[in-house]
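Computed from a predicted structure; not experimentally measured. The analysis underlying the following values was restricted to heavy atoms, covering all of them including side chains, and did not include hydrogens, waters or symmetry mates. The chains referred to below are lettered A, B, ... by the order of the sequence lines, with proteins before strands, and numbering in each begins at 1.
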Protein chains: 2
Amino acid sequence: MKEELELNMNAYLPLRDVVFLTLRDAILKGELKPGERLMEMHLADRLGVSRTPIREAIRMLEKEGLAVTIPRKGAQVAKMTENDLENVLEVREALEELSAKSACRKWTEPELEELKNATIAFEKAAEGNDVRDIVEKDEAFHDIIYKMARNDKLMEIVSNLREQMYRYRYEYVKDYNNYSRLVEEHEKILEGLMRRDIDYVTEVMHLHLKNQVNAVRETIREQSM
Amino acid sequence: MKEELELNMNAYLPLRDVVFLTLRDAILKGELKPGERLMEMHLADRLGVSRTPIREAIRMLEKEGLAVTIPRKGAQVAKMTENDLENVLEVREALEELSAKSACRKWTEPELEELKNATIAFEKAAEGNDVRDIVEKDEAFHDIIYKMARNDKLMEIVSNLREQMYRYRYEYVKDYNNYSRLVEEHEKILEGLMRRDIDYVTEVMHLHLKNQVNAVRETIREQSM
DNA sequence: GTCATGATTATTGTATGCAAAATGCATTTT
DNA sequence: AAAATGCATTTTGCATACAATAATCATGAC
């Protein structure tokens, strides 16, 4: 009885949040491209709402690093320079390492089970050609590791940093054929976590990141030309 | 001539930003206390603006972790549990360490000069009783170190994390008499940076954080009772 | 032809209005 | 007395209206 009520509450999220989620998704999936203007009227019409929730959603996107607004000129989808990428990566590396360490110490049996399933799901996705699915399953894999670390703040920050890179990867990944390496890396991470071998996991995680950055770097280069 | 224009431009920031800065300041300084409701009408009257910029400012505070809103119930100043504190601290530690390392490698002569001045300014402030001044000078000191690290993203994130702790420290610091330890720690950090001694700086920074956390932990305990 | 200039339009910024939901309180019911 | 009900009030959510600023384009001066 009570659960049904709660579910209803969830079902009708404030419009600003719906708009925020919708726009974020569009940015991450590349439907809204870096540099593209976010015009209030236009978005309002497209989404069938007034400007008010759009504006509030833009303020949120701004703080999440996905949009940039110049006062009295309007907002646009945030671009990333190669330098920004280096910066994000430097931070991510420190935090993914922290996350891997904590996860190593703290994971519980059901979580490990989840991670095994996520690994398999990713492998399955990697066999196909649905980029969205692949990226989604990759995210799911890493999200479980963050969850294992038992630190919501850490999770929030790393997710945001990943987000900022992913929206570039999305585009690129399309003709990025060696998923096999990713699959292998995931397997190694899983394996290391099972052994609670912090050093090993840290090292693999490090490589995993290094491989990603190159893909993103390419995309950014193209973008800025 | 041009500078005067720029100043004018700055002087007329969109209201949402003015409101955001004002509210953030009020939260950090403890004028708006954790748990306190942020009612749109009330704030609008107090600040002499309409609800629109207030609402946008609240969305920004939300994303910065300084406010929490429950849909259709309104926003309130974010509270921090002891667990949140541990989480923030764990992340901060990883990032302050990264920041110290980078700063060690990258600082330039004029920056070091700045840091020396900031150290002295902090010492002077610590002799007095103006808590705001002390906290401000402490922030300034650390900001220079972040700047040395040449990573805006890192700076942004660490600043935000510091912010979330500081608003608790502000209250507490009032009868926290041993600034001498802080002064000493700042001096050690400066000294280590001058020698570019990464291990030393990392260690002192670690202690510096550990000392802070206890002060904040106290305040949070009181708050939750 | 190019650069100013000014009118026109598009777009953002802010205020206000109205509907819906939450809250508080008195009254009733059990 | 405690719980439930209904009504008045407060507050949020969203839409709309109006003002201020920026962008566009056409016109005219050089």
side-chain hydrogen bond (donor to acceptor under 3.5 Å, both in side chains) between His206(A) and Glu93(A), intermediate numbers included: CA-CA 7 Å; His206(A) 179 84; Glu93(A) 191 152 342; 2.2 Å; yes
In whole Å, I'd like the distance from the [atom1] atom of [X] to the [atom2] atom of [N].
{"X": "Ile54(B)", "N": "dA15(C)", "atom1": "CD1", "atom2": "P", "answer": "9 Å"}
{"X": "Phe20(A)", "N": "dG13(D)", "atom1": "CZ", "atom2": "P", "answer": "16 Å"}
{"X": "Leu13(A)", "N": "dC14(D)", "atom1": "CG", "atom2": "C1'", "answer": "15 Å"}
{"X": "Glu56(A)", "N": "dG13(D)", "atom1": "CD", "atom2": "C1'", "answer": "8 Å"}
{"X": "Gln76(A)", "N": "dA23(D)", "atom1": "CD", "atom2": "P", "answer": "12 Å"}
{"X": "Ile58(B)", "N": "dT14(C)", "atom1": "CD1", "atom2": "C1'", "answer": "16 Å"}

Donor-acceptor contact present, side-chain Asp143(B) to main-chain Ala140(B), <3.5 Å: no
Test item: Asn151(B) side-chain N/O and Asn87(A) main-chain N/O as donor-acceptor pair under 3.5 Å: yes
Could you list, one pair per line, each protein nitrogen or oxygen that sits under 3.5 Å from a nitrogen or oxygen of nucleotides 10-12 of chain C, together with the distance?
| from | atom 1 | to | atom 2 | distance (Å) |
| --- | --- | --- | --- | --- |
| dT12(C) | OP2 | Glu40(A) | N | 3.3 |

Taking every non-hydrogen atom, the tightest pair across Ile145(B) and Ser99(B): CG2-OG, 4.0 Å
Donor + acceptor pair across side chains of Glu113(B), Asn117(B) (<3.5 Å): no
Phe141(B) and His186(B) aromatic ring geometry - parallel, tilted or perpendicular at 30°/60° bounds: parallel
Under 4.0 angstrom between Tyr12(B) side-chain N/O and dA20(D) OP1 or OP2: no
For residues 13-24 of chain B, tabulate all N or O donor-acceptor pairs below 3.5 Å that involve a side-chain atom, not counting sequence neighbours.
| from | atom 1 | to | atom 2 | distance (Å) |
| --- | --- | --- | --- | --- |
| Thr22(B) | OG1 | Val18(B) | O | 2.6 |
| Arg24(B) | NH1 | Glu64(B) | OE2 | 3.0 |

Residues in contact with DNA chain D, drawn from residues 43-50 of chain A - heavy-atom cutoff 4.0 Å: Val49(A), Ser50(A)
Ion pair check, Arg92(A) and Glu96(A), cut-off under 4.0 Å: yes
